[in-house]
Protein chains: 2
Amino acid sequence: MKAGLRELKRAGFKLTPQRRAILETLKSSGKHMSVEEIHEKVKTKCPHAGLATTYRTLDLLKELNLVTDINLGEEHKHYEWKRRHHYHLVCLECGDVVEFRSNFAIKIEKNVLKDYDFEITDRHVEFCGYCSRCAGGREG
Amino acid sequence: MKAGLRELKRAGFKLTPQRRAILETLKSSGKHMSVEEIHEKVKTKCPHAGLATTYRTLDLLKELNLVTDINLGEEHKHYEWKRRHHYHLVCLECGDVVEFRSNFAIKIEKNVLKDYDFEITDRHVEFCGYCSRCAGGREG
DNA sequence: ATAATAAATGAGAATAATTCTCAACTAGGG
DNA sequence: CCCTAGTTGAGAATTATTCTCATTTATTAT
């Protein structure tokens, strides 16, 4: 059984078409999506799907540690299928969101465990600033 | 002139009692506060202060890069006076928020500049999980 | 398969944080 | 001290999210 469905099942939740659709949408898209975007996509598979179910299911998937929510600026929330040590750069000028990885990310987390005795299960790391294209225009 | 007021002035904004109070409240508290908390504190200095002004001023201070907003869980937004390389650990059990610093934080940012040609001006780094007290209870 | 049942859904109402509107007020320059 | 553009307060408006509840459905045992 596919990852995601497996965890839902194991935790005693029913595998409804709506849940399958939401899960599949996020997993296959491979990027962050707003609740509305997810809902629109889900409706192509389940035309009667209600928005509340999308909210409920995303909460559930978050609870099960399968998805993460990211906050881009101030607007509405975005979700994405969880991946390890995968952070975000958000350009304040063009709004572009670039993923990044750093070897130091792992070291920071070891630091946190060792120095603060804190066990990390989820991460929200967004660095905001200016991407190469936009930085140029700002200062000559 | 004090830091904060200086930047407001320089950018051409008026130094109203409300702005002074909001700025001073955040700066002197030294920790993150919700908009309501800030507003309550401000009202002890300016009893007629409106909530909208607190929202407007926090937006303004953020615009000027003097404060950062942090997202603790799902609730309403929190703000704090900006400090360098100062991140957060959020315990999912007791809700406690601990600040942390890591030498690797600086290295990550150098990585980002070098490898992604991205100029960081603001950071939102929250690691969620379980603090030492709560981690124990969870698994025996 | 089919029935029994606890869980899940859809639709829209309810909520709560944030933003907007606009008349009245005020900081700061001259 | 006056003028004026910028700022404020109060409450209405907006908008994302949550709640309610009657109806439907996935799953388990028969």
Side-chain angles (χ1 to χ4, degrees), chain A residues 1-2 4-25 32-64 67-79, chain B residues 1-2 4-25 32-64 67-79:
Chain A
M1 185 176 287
K2 281 186 187 174
L5 295 180
R6 199 190 311 129
E7 287 80 356
L8 271 174
K9 185 96 186 179
R10 186 183 300 153
F13 294 102
K14 293 183 178 174
L15 301 185
T16 65
Q18 293 87 336
R19 284 175 176 166
R20 288 170 190 271
I22 291 165
L23 201 147
E24 196 50 35
T25 297
H32 52 89
M33 300 176 80
S34 71
V35 179
E36 280 298 341
E37 284 169 346
I38 295 166
H39 183 57
E40 283 311 308
K41 199 77 182 268
V42 162
K43 278 204 293 190
T44 65
K45 291 178 183 172
C46 309
H48 294 292
L51 182 56
T53 296
T54 302
Y55 275 103
R56 279 186 292 235
T57 303
L58 288 169
D59 270 0
L60 180 57
L61 294 177
K62 209 182 102 181
E63 205 72 31
L64 294 174
V67 305
T68 317
D69 55 331
I70 62 179
N71 283 286
L72 309 169
E74 321 314 308
E75 339 112 36
H76 34 70
K77 216 175 282 176
H78 286 238
Y79 287 87
Chain B
M1 184 176 286
K2 283 186 186 173
L5 296 182
R6 199 191 310 129
E7 286 81 355
L8 271 174
K9 185 96 185 180
R10 187 183 299 152
F13 294 105
K14 291 183 181 174
L15 302 186
T16 65
Q18 293 88 336
R19 284 176 178 165
R20 286 169 191 271
I22 292 166
L23 201 147
E24 196 50 35
T25 297
H32 51 88
M33 301 175 80
S34 71
V35 178
E36 280 298 341
E37 284 168 344
I38 296 167
H39 183 55
E40 283 311 308
K41 199 75 182 271
V42 163
K43 277 203 292 190
T44 66
K45 291 179 185 173
C46 308
H48 294 293
L51 183 56
T53 296
T54 302
Y55 275 103
R56 278 186 292 233
T57 303
L58 288 169
D59 270 1
L60 179 57
L61 294 176
K62 210 182 99 182
E63 205 71 32
L64 294 173
V67 305
T68 318
D69 54 331
I70 63 180
N71 284 284
L72 309 170
E74 319 315 307
E75 339 109 37
H76 34 72
K77 215 174 282 176
H78 285 239
Y79 286 87

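All chains are named by letter (A, B, ...) in the order of the sequence lines, taking the proteins before the strands, and each is independently numbered beginning at 1.
- Axis angle, first five pairs versus last five pairs of the helix from dA1(C)-dT30(D) to dG30(C)-dC1(D): 50°, rounded to 10°.
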With sugar-phosphate taken as primed atoms, P, OP1 and OP2 and all else as base, the protein-contact string of nucleotides 22-30 of chain D at under 4.0 Å (heavy atoms; B, S, -) is ----BS---
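- Remark: Y55(B) is in phosphate contact with dT18(C), judged by side-chain N or O atoms under 4.0 Å from OP1 or OP2.
- With sequence neighbours excluded, no residue satisfies salt bridge (Lys or Arg N to Asp or Glu O under 4.0 Å) with K45(A).
- Atom CD of E40(A) has more than 12 neighbouring heavy atoms from other residues, nucleotides or ligands inside a 6.0 Å radius.
- Across the protein-nucleic acid pair, I38(B) atom CD1 and dA17(C) atom P stand 14 Å apart, rounded to whole Å.
- Rounding to whole angstrom units, CG of residue D69(B) and P of dA17(C) are separated by 16 Å.
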Show every donor-acceptor pair shorter than 3.5 Å between a side-chain atom in residues 10-21 of chain A and any protein atom, with sequence neighbours excluded, or say none if there are none.
{"from": "T16(A)", "atom 1": "OG1", "to": "R19(A)", "atom 2": "N", "distance (Å)": "3.2"}
{"from": "R19(A)", "atom 1": "NH1", "to": "K14(A)", "atom 2": "O", "distance (Å)": "2.9"}

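- Listed by chain and number, the residues in a ring-ring contact (aromatic ring centres under 6.0 Å, His included) with H32(A) are H78(A), H88(A) (sequence neighbours excluded).
- Whole-Å rounding puts the D59(A) CG to dA7(C) P distance at 18 Å.
- Taking both residues in full, the closest heavy atoms of L58(B) and I22(B) are given as CD2-CG2, 4.2 Å, listed atom of the first, atom of the second, then distance.
- Here dA8(C) presents its P atom at 15 Å from CG of L58(A), a figure rounded to the nearest Å.
- Atom-to-atom, CG of L60(B) to C1' of dT8(D) comes out at 14 Å; the value is rounded to the nearest Å.
- Contact check, R56(A) against dA8(C): no side-chain N or O comes under 4.0 Å of OP1 or OP2.
- Each of G12(B) and A52(B) was matched to the nucleotide of DNA chain D holding its nearest heavy atom; the match closer to the 5' end belongs to G12(B).
- At whole-Å resolution of the value, CG in L61(A) and P in dA8(C) are 12 Å apart.
- Counting to the nearest Å, the P atom of dT18(D) and the NE2 atom of H76(A) are 15 Å from each other.
- With H39(B) as reference, L51(B) is the one residue of L51(B), T25(B), T53(B) to meet the side chain to side chain contact (heavy atoms under 4.5 Å, CB included) rule.
- You'll find the side chain of L23(B) reaches within 4.5 Å of the side chain of L8(B), heavy atoms only.
- For the pair L51(A) CG and dT17(D) P, the computed distance is 9 Å after rounding to whole Å.
- Rounding to the nearest 0.5 angstrom, the gap separating the OG atom in S34(B) from the CD1 atom in I70(B) is 10.5 Å.
- Residues that satisfy the salt bridge (Lys or Arg N to Asp or Glu O under 4.0 Å) test with E7(A), not counting sequence neighbours, are absent from this structure.
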